[in-house]
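Letters go in sequence order (proteins before strands), and every chain restarts at 1.
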Amino acid sequence: MDHFPTNWGRPRNDAIDAYGTYPIHSRPKNDQDAFSAGVQRTQQPIVTGTSVLAIKYKDGIMMAADNLASYGSLARFKDVRRLHPVGDHTVIGAGGDMSDFQYLQTILDELTISEFTAQDGHSLGPAEIHEYLAQVMYARRSKMNPLWNSILVGGVKDGKKFLSYVDLLGTTYSASTLATGYGGHIAQPLLREAVEGREDTLTEEQALAIIENSMRVLFYRDARSLNKYQVATITAAGVSISESKHLETSWSFAEGIRGYGAQTQ
Amino acid sequence: MTSIGTGYDLSASTYSPDGRIFQVEYANKAVENSGTAIGLKVKDGIVLAVEKLVHSKLLVPGANRRIQTIDRHIGLATAGLLADGRHLSNRARDEAANYRETYNAPPPLKAVADRLGLYVQAYTLYSSVRPFGISTILGTVDEDGPGLFVVEPSGIFYGYNGAAVGKGKQLAKTELEKLDLSQLSLREAVIEAARIIYLVHEDTREKEFELEMSWIGPETNNTHLPVPQDLLEEAETKAKEQFEFEDDAA
Amino acid sequence: MPGMVSTSQPTQQSFNPYTENGGTILAIAGADFSVIAGDTRQSEGYSIQTRYAPKVFRLTDKAVLAVNGFAADGNMFVKKVRQRLEWYRHAHAKDMPIRAIARLIQTMLYARRFFPYYVYNILGGIEEDGTGAVYSFDPVGSYEREACRAAGAAQSLVQPFLDNQIYFKNQTPAPGTSFPKHLPLSTVLPLVIDSFTSATERHIEVGDGLEIYVVLAKGSTSLQGITSIRGVQELTATSEGERVFVIRRDLKKD
């Protein structure tokens, strides 16, 4: 029997302080085992999702992400859901490593259940979910073991719209239009042009048209994107995530391109 | 009581010569001193109801809840020592969360009841601890439909169609047996549960009480929630009518 | 052998826990006031992440902290400083004096000497003796009290300007006169605004919005001047005498 409570549940190591000569609070740690050198941490994403877009509009937040999870340049999974509801007022959308995203879904589910079981009349809104995620992401980057994602958090609670970003470094920011990954370069300028100053007047139809147009441009230009995507709306009435939609695209212009490739005239 | 003075009742780790563990039987006495709790398993849902005895007028209405939520789809009601009930509900939450973590699926109530049974039973083995002074009703609705269990201080647990624990359990069970539980709708079950609690309370002529009720079923999207205020009031009004009728007859 | 790849150690591209989010901050101390300002743009590389992410924070009625560098570290650092100030309030029933906050910030930064908060801090406010103060820090806690300091992306543009206009560097006083030790608020505020419009003009990471915090000492003569400024907002929470104001201005968004 080891009489030192600080050692309970830890691997035994008689090479370190076998006779318990240290005071309890400053005992040397013996939790390094023979395998600790072989422990690996996420240094790069493996199965990845690309952009997520989100905007504010009259009734709340609209968010979109396609259904693709890539394995490098291989379009590996084409029916992946990258928008995920959390509680009754929030949706999160993630780009980056999909296994890390699934892990985040799991801990957020745990969190919402423990809040639900308290039955104290409080529920987590988008601001709380975002703050929690930011703390998790920042804590993991500080352990040099990041969760490789960029995430948008959107929602409506108590009549207030909320839209914010958080990523693998724990960086956060909010704006009336947000886009992760490639969308940050391609879609964000389009979204800003269409939305800024009109956050409280855009109708759902107008918002949807803006989102659809941006998703189409992304599909044309982002090689890791898919023409199958979902749209989430979060309003005072609650959360709804659409079934997968297909983008209408047109490629006939390719016929008219001259000057390079096989056709020179 | 025959056990007193024999010395066989001083520890949960000591049998009496005829094979009983008196500490567990005393724990059952603690349950019998408590306000009644009942559970109804009906066609498409579960109703839990508790006769919460209010020992002081100074208490805030709604304080000291005896019905707890364990998981989205699981509710728990206790009769016995209030603090023991809170401890066991915390344990139940941990077990439910642990099941989710391991299997990434909502825990079936049988699994939670099983683990709680093991936990409660462990407190009947050692001289250094006291058995739980509570009987616990667990209710759920999952993909296999509604489920209802009772965990006793001995750690034993059974599945039921209708369950009653606490002071008025005999009368409550008699009333539950009269019902055609499998044909009752959830709303009808709420009315019946309120009626039974009021009936057993009237029988004991105890002090003031509050009716505490929760349900799981289609109305709640199969989550465990308190019965809404308007339905609760309707059920209480109907429950009180049964006595007015009796008074007229008498 | 040259050119041979070592097989004994797997090579890994290691994770970089830092980034640089642009922006600029500055602070100037007067005789009985202190001005702390920062732009509100947050960027990474050539992308603007948001046009409004505050970098200047009111800590107490006599202390304002500006943070610049890696935004995630900055926000976490402000959160931790505020937590410590709250604990101090619970223990001592008063706000921590600014010179103690400055030393606290040094301790907190140096505690992370080998995994630093990648943040430049400038603390501005009023000392217990009623004088305006500016403390500036490097990321690992080295600090000093100064009359003015600029930090961040456009430090190299703004600091020389401040040296010239506040410290009168490279200027010679007219014969028989000397330069003032402290400038009045009415001179300082335009200097701050000009610093930021100029930085916005010449640095791509600076712009969008400007937040200027002004902390006045008890009975400061600058009070009449500030209340007449367009769009000024008072943030004072206690009635101890010091007063905090914020002035918000637009900067060019290109």
Taken to the nearest 0.5 Å, the spacing of Leu225(B) CG from Gln119(A) CD works out to 6.0 Å
Self-check item: Within 6.0 angstrom of Lys228(A) NZ, more than 12 heavy atoms from elsewhere
Solution: yes
Requested in this report: Taking the side chain as every heavy atom from C-beta outward, state whether Asp71(B) and Phe116(A) have any pair of such atoms under 4.5 Å apart.
Outcome: no
Is any side-chain heavy atom of Thr112(A) less than 4.5 Å from a side-chain heavy atom of Arg72(B)? yes
To the nearest 0.5 Å, atom OG1 of Thr69(B) lies from atom CD1 of Ile113(A) at 11.5 Å
Verify the neighbour count for atom CZ of Arg100(B): are there more than 12 heavy atoms of other residues, nucleotides or ligands below 6.0 Å? yes
- prompt: Just wondering, more than 12 heavy atoms not from Arg86(B) lying within 6.0 Å of its CZ?
  reply: no
So CG of Asn104(B) and CG of Asp109(A): to nearest 0.5 Å the spacing works out to 8.0 Å
So, the part of Glu110(A) with a heavy atom under 4.5 Å from chain B: the answer is side chain
For this session: Flag the pair Arg65(B) and Asp120(A) as a salt bridge only when some basic side-chain nitrogen lies within less than 4.0 angstrom of an acidic carboxylate oxygen.
Result: no
